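Data first, discussion second: the structure below is written as structure tokens.
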Amino acid sequence: MAKRVRKAVLPVAGLGTRVLPGAKTTPKNMLNVFDRPILSYVIEEGRAAGIEHFVFIVSRGQGSIQDYFDNYPEVEQALEAKGKLDILEEVRRDLPQPGQMSFVRQMAPLGLGHAVWCARDLIGDEPFAVMLPDMLMMAEKAALKQAVEAYEQTGDNIVVVEPAPEGEAHKYGIVALDGQDGRLNRMTGMVEKPKPGTEPSNLFISGRYILNPEIFKILETQERGAGGEIQLTDGMFGLMKSQNFQALEYEGTTYDCGDKIGLLRANVAYALARPDFADAAREAIKALL
Ligand code: G1P
């Protein structure tokens with residue numbers, strides 16, 4: 001039986017160049033989508049998938065992420081004293097139990113593969129999830145839970161994929177499949193940022209993975225690839241020589257918050273999805289159009 005997936009790695013050290021100047025003093029994954037930071041949604045998704053421990057790969061200047069997931073005594077006391085218990089509950093909603101989050105400094109921006117490798121000691125010898133927090137995945141059943149179930153069903157490494165927008169495949173990691181039948185298909189290859197016209201399919205790696213721990217051994221010596229960075233995609237392709245990979249097209253909608261219009265779309269979509277704000281949000285949007 002496949003081992004339980006208990007831990008998730010969240011690489012958050014990126015510069016956020018596409019969402020500047022907002023990301024100048026606020027880590028990009030701490031930017032708000034409607035009324036809470038992007039990371040709040042990702043943690044919620046992880047918990048819904050049974051994740052018990054989150055390992056953040058951070059860089060200098062990202063201390064606000066740790067502060068967000070800690071108590072906020074002055075404000076909590078003030079809210080309690082004023083009887084504003086609903087706001088208090090919201091302030092506390094994302095807190096972990098002590099010991100359920102770890103923060104590792106990447107120290108140099110060498111690429112996604114290197115960021116994931118930085119988590120090796122904290123993950124140890126068990127399968128784990130990788131969640132790219134730029135990508136918010138809105139789904140009835142949490143996207144990562146769908147991936148965990150695919151892992152439990154097959155015991156294979158799982159990469160969540162979806163069709164790339166027309167003409168944009170070269171911006172992503174792209175997978176090659178051994179035929180397509182339903183949402184879960186065995187992969188035969190993958191390539192990071194293929195040259196336009198050479199993409200093996202239109203399915204891009206969209207930001208949720210379940211990986212076996214053998215990936216760390218490969219990432220340790222992984223050479224630089226696309227963009228001069230140590231790529232997770234290249235590491236996974238290396239692991240594919242000895243292990244199976246399955247591509248999962250999850251059921252739901254992805255919002256790329258690493259880009260200004262994507263972030264705007266996410267704000268609108270998540271406001272409209274909130275039962276307590278949907279009507280007011282719809283009115284406000286209608287009035288603007
Ligand atoms: C990373 C991955 C890529 C994936 C993408 C999804 O690329 O390397 O395979 O498709 O995230 O957003 P990046 O966005 O860091 O260039």
Side-chain angles (χ1 to χ4, degrees), residues 8-20 23 27-29 31 33 38-39 41-42 45 56-59 106 108-119 129-138 143-144 147 157-177 187 189-196 198-211 215 218-219 222-240 245-250 252-263 265-266:
V9 178
L10 281 72
V12 294
L15 293 176
T17 353
R18 290 182 296 147
V19 283
L20 282 170
K28 64 171 174 173
N29 300 128
L31 294 173
V33 163
I38 292 168
L39 277 178
Y41 297 91
V42 181
E45 180 195 331
F56 292 84
I57 312 300
V58 295
S59 58
Q106 191 181 1
L110 297 178
L112 181 59
H114 177 261
V116 170
W117 179 71
C118 289
V130 176
M131 306 178 81
L132 306 188
D134 283 4
M135 300 301 223
L136 281 191
M137 297 188 174
M138 191 188 270
L144 191 69
N157 298 277
I158 306 293
V159 177
V160 172
V161 299
E162 58 194 271
E166 190 65 34
E168 294 199 2
H170 65 280
K171 295 183 182 168
Y172 298 102
I174 302 291
V175 304
L177 299 182
M187 286 165 56
M190 61 187 115
V191 52
E192 184 65 27
K193 312 224 168 33
K195 289 211 175 67
T198 68
E199 303 89 353
S201 78
N202 75 330
L203 293 175
F204 82 99
I205 300 174
S206 62
R208 301 291 183 270
Y209 314 70
I210 308 292
L211 298 173
I215 190 75
I218 292 175
L219 290 175
Q222 184 61 51
E223 288 179 4
R224 290 170 189 253
E229 297 187 348
I230 299 171
Q231 296 289 354
L232 179 60
T233 305
D234 295 340
M236 294 191 297
F237 189 56
L239 184 56
M240 204 180 235
F245 275 75
Q246 305 276 347
L248 171 70
E249 278 190 74
Y250 85 108
T253 309
T254 302
Y255 298 93
D256 182 355
C257 299
D259 138 310
K260 290 183 185 182
I261 296 298
L263 191 55
R265 287 180 66 233

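Predicted model only: the values in this text are computed from it and were never measured. Each ligand, and each atom within it, is numbered from 1 in the order the structure gives.
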- Item | Those residues that, when tested against Gln246, pass side-chain hydrogen bond (donor to acceptor under 3.5 Å, both in side chains) (two or more places apart) | Asp156

- Heavy-atom nearest pair, Cys257 first then Ile38, reads CB-CD1, 3.6 Å

- Item | Neighbour count >12 (heavy atoms, 6.0 Å) for atom OH, Tyr172 | yes

- Message: Test of understanding: with side-chain hydrogen bond (donor to acceptor under 3.5 Å, both in side chains), list the residues that count as partners of Asp134, not counting sequence neighbours.
- Response: Lys28, Asn29

- Note on the structure: Applied to residues 201-211, the side chain to side chain donor-acceptor pair (under 3.5 Å) test, sequence neighbours excluded, yields Glu45-Arg208, Glu162-Ser206

- Note on the structure: By chain and number, the residues contacting ligand 1 below 4.0 angstrom (heavy atoms only) are Leu112, Leu132, Met135, Tyr172, Gly173, Glu192, Lys193, Ile205, Gln231, Thr233

- Just wondering, are more than 12 heavy atoms of other shown residues or ligands nearer than 6.0 Å to CG in Leu15? no

